[in-house]
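Beneath this line is the structure, given in structure tokens, with notes to follow.
Each ligand, and each atom within it, is numbered from 1 in the order the structure gives. Just so it is clear, the model here is predicted, and its values are computed rather than measured. We count residues from 1, following the sequence as given. Only this structure's heavy atoms are used, side chains among them; waters, hydrogens and symmetry mates stay out.
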Amino acid sequence: MRRCRRFVILSLAVAAAVASVGASAHAVLLDSTPKAHGALPAGHTQVVLKYNSKIDQARSRLVLVAPDHSETTLAITADGDKPNELDSTADLKPGNYTLHWQALALDGHLTRGDLPFTVTAAP
Ligand SMILES: [Cu+2]
């Protein structure tokens with residue numbers, strides 16, 4: 001009887017472990033504006049990062065590193081209609097930028113990445 005109960009508990013533990021692996025959906029960046037290593041003209045710009053899963057927009061983070069290496073935290077637009085996106089805007093001058101992103105997926109896993117891009121003089 002006791003041995004049987006131990007087996008049940010072990011089975012539940014294995015099932016829980018398998019379920020948590022199956023439920024994992026870390027945020028993977030699928031597409032972005034600006035594109036990584038891309039170029040775009042100076043000016044007021046929409047920043048859009050699209051992921052493979054829903055993102056906790058309130059607890060994710062976008063930090064823009066300007067050509068002079070100053071860092072600005074971008075306000076993320078809360079948008080329930082686009083739960084897979086982190087959207088913002090930025091005023092960009094010519095030069096080389098990096099966007100640091102941190103995305104919190106709904107499974108509680110945080111992923112991060114760097115998106116380098118170049119801003120050219122507006123035509
Ligand atoms: Cu995950």
Side-chain angles (χ1 to χ4, degrees):
M1 191 65 178
R2 182 162 286 178
R3 186 171 289 172
C4 181
R5 182 175 292 177
R6 198 169 281 174
F7 176 76
V8 168
I9 290 170
L10 184 66
S11 300
L12 287 175
V14 169
V18 169
S20 70
V21 168
S24 94
H26 331 303
V28 176
L29 186 65
L30 298 180
D31 194 14
S32 66
T33 306
K35 302 275 185 210
H37 305 286
L40 75 172
H44 193 66
T45 304
Q46 298 277 347
V47 174
V48 179
L49 285 82
K50 287 185 184 168
Y51 295 88
N52 65 326
S53 66
K54 290 186 181 179
I55 303 300
D56 185 336
Q57 294 166 334
R59 292 200 286 163
S60 295
R61 211 166 139 80
L62 297 176
V63 176
L64 186 65
V65 184
D68 66 0
H69 303 293
S70 65
E71 299 188 1
T72 306
T73 300
L74 301 182
I76 293 168
T77 311
D79 190 344
D81 291 336
K82 295 174 180 172
N84 290 21
E85 295 188 9
L86 294 178
D87 296 346
S88 191
T89 57
D91 289 303
L92 303 175
K93 296 170 184 161
N96 294 321
Y97 287 78
T98 301
L99 183 64
H100 293 306
W101 59 262
Q102 273 188 18
L104 183 64
L106 295 188
D107 71 350
H109 292 149
L110 192 68
T111 52
R112 42 172 72 90
D114 287 342
L115 208 128
F117 62 94
T118 300
V119 177
T120 58

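- Between Leu104 and Ser60 the shortest heavy-atom distance is N-OG, 3.0 Å.
- Note: Phe117 and Tyr97 have parallel aromatic rings, judged against thresholds of 30 and 60 degrees for the angle between ring planes.
- Asp79 meets the salt bridge (charged side-chain N to carboxylate O under 4.0 Å, His left out) test with no other residue; sequence neighbours excluded.
- Not counting sequence neighbours, the partners of Arg59 by the salt bridge (charged side-chain N to carboxylate O under 4.0 Å, His left out) test are Asp56.
- Within His109, ND1 is the N, O or S atom that lies nearest to the Cu ion (ligand 1).
- Looking at Asp107, its N, O or S atom nearest to the Cu ion (ligand 1) turns out to be OD2.
- Counting just the N/O/S atoms of His26, the one with the shortest distance to the Cu ion (ligand 1) is named ND1.
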